[in-house]
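Worksheet for the structure shown next.
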Amino acid sequence: RSLSLGYMSAGMDGFPESQKVMVDGTEKFIASSYHSISHSLVKMGHSYALSESVTLGSAVSFYSDTIMTVTGTGYNADLGLIYSQNRWKVSQSFQNLIRPLSLDYSNGASMSLPFYSMTSIQVDFSPVSLYSQVKYVSHSDPLFLSLGSRYTPHFLPFLEFNAGLDRKST
């Protein structure tokens, strides 16, 4: 068993709010004020080994957004399963499982949280590992496909070479 706590924050300052003014008979736009945007996420998770090769994990997510003077909050839940056997790891995860939940904003607007489903496979052929992932996002039509590889030379174990391909299916 393990417990986890995570925090992520991203933001940016200096977004202009413009206003239309007349200068010498010509309409122009000027910045009347500047604003910031911030996004924060807190996750609390728990994992439990169902057997030597199968681990189940779950998490609760708390979202917070600030866009100019408008604030929004919301929450949701994630669930995942990992199967590990010899050189193979296979995982399935689901994000934002509780439907329909959204971020609710102080101005009365809301934004629905997209549902994610990800299936991943890792095969280890030491010193090379191969990776694949298929991801479905509810607010997007195509599937997202990813392939990757990692080479870690035995004589330089602190060095890794990575290559990958990430694309949408059509």
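Along the sequence shown, residues are numbered consecutively beginning with 1.
- Taking CD1 from I37 and CE from M12, the interatomic distance works out to 8.5 Å, rounded to the nearest 0.5 Å.
- Among residues two or more places apart in sequence or in another chain, the side-chain contact (heavy atoms from CB on, under 4.5 Å) test is passed with S4 by none.
- Atom OG in S47 sits 8.5 Å away from atom CG in L56 (nearest 0.5 Å).
- With sequence neighbours excluded, the residues that form a side-chain contact (heavy atoms from CB on, under 4.5 Å) with V134 are L143, L145.
- Each of F144, F115, Y116 was scored for a side-chain contact (heavy atoms from CB on, under 4.5 Å) with Y136, with one residue passing: F115.
- The side-chain hydrogen bond (donor to acceptor under 3.5 Å, both in side chains) check on S40 picks up nothing, with sequence neighbours excluded.
- V128 belongs to a hydrophobic cluster whose other members, connected by ILVMFWY side-chain contacts under 4.5 Å either directly or through intermediates, are W88, V90, I121, V123, F125, L130, Y151, F155, L156, F158, L159, F161.
- Atom CE of M118 and atom OG of S91 lie 8.5 Å apart (nearest 0.5 Å).
- Under the side-chain hydrogen bond (donor to acceptor under 3.5 Å, both in side chains) criterion, S132 pairs with no residue, sequence neighbours left out.
- Partners of S120 under the side-chain hydrogen bond (donor to acceptor under 3.5 Å, both in side chains) rule, at least two apart in sequence or in another chain, are Q133.
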Donor-acceptor pairs under 3.5 Å, side chain of residues 20-35 to any protein atom, not counting sequence neighbours: which ones?
{"residue": "S32", "atom": "OG", "partner": "E17", "partner atom": "O", "Å": "3.0"}
{"residue": "S33", "atom": "OG", "partner": "E17", "partner atom": "OE1", "Å": "3.4"}
{"residue": "S33", "atom": "OG", "partner": "H35", "partner atom": "NE2", "Å": "3.1"}
{"residue": "H35", "atom": "NE2", "partner": "E17", "partner atom": "OE1", "Å": "2.7"}

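- Residues Y7 and L5 share a single hydrophobic cluster, defined by chaining ILVMFWY side chains whose heavy atoms lie under 4.5 Å apart.
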For D166 and S146, run side chain to side chain donor-acceptor pair (under 3.5 Å): C-alpha distance rounded to whole Å, both residues' side-chain angles, the deciding distance at 0.1 Å, then the answer.
CA-CA 4 Å; D166 192 13; S146 302; 2.8 Å; yes
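- For the salt bridge (Lys or Arg N to Asp or Glu O under 4.0 Å) condition, no pair includes a residue of residues 51-77, sequence neighbours left out.
- Atoms CD and OH, from Q122 and Y131 in turn, are 4.0 Å apart once rounded to the nearest 0.5 Å.
- With sequence neighbours left out, the side-chain contact (heavy atoms from CB on, under 4.5 Å) criterion links S36 to D13.
- Residues that satisfy the side-chain contact (heavy atoms from CB on, under 4.5 Å) test with Y83, not counting sequence neighbours, are S53, V54, Q85.
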Output side-chain donor-acceptor pairs under 3.5 Å for residues 67-81, partner residues at least two apart or in another chain, one line each.
{"residue": "N76", "atom": "OD1", "partner": "L97", "partner atom": "N", "Å": "3.1"}
{"residue": "N76", "atom": "OD1", "partner": "I98", "partner atom": "N", "Å": "2.9"}
{"residue": "N76", "atom": "ND2", "partner": "I98", "partner atom": "O", "Å": "3.1"}
{"residue": "D78", "atom": "OD1", "partner": "N96", "partner atom": "N", "Å": "3.1"}
{"residue": "D78", "atom": "OD2", "partner": "K43", "partner atom": "NZ", "Å": "2.2"}

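- Within the structure, salt bridge (Lys or Arg N to Asp or Glu O under 4.0 Å) contacts touching residues 115-137 (residues at least two apart or in different chains) do not occur.
- Counting heavy-atom neighbours within 6.0 Å of R99 CZ, excluding the residue itself, gives a total above 12.
- To the nearest 0.5 Å, atoms CG (L113) and OH (Y63) are separated by 5.5 Å.
- Taking OG of S117 as the start and CD of Q95 as the end, the distance is 10.0 Å to the nearest 0.5 Å.
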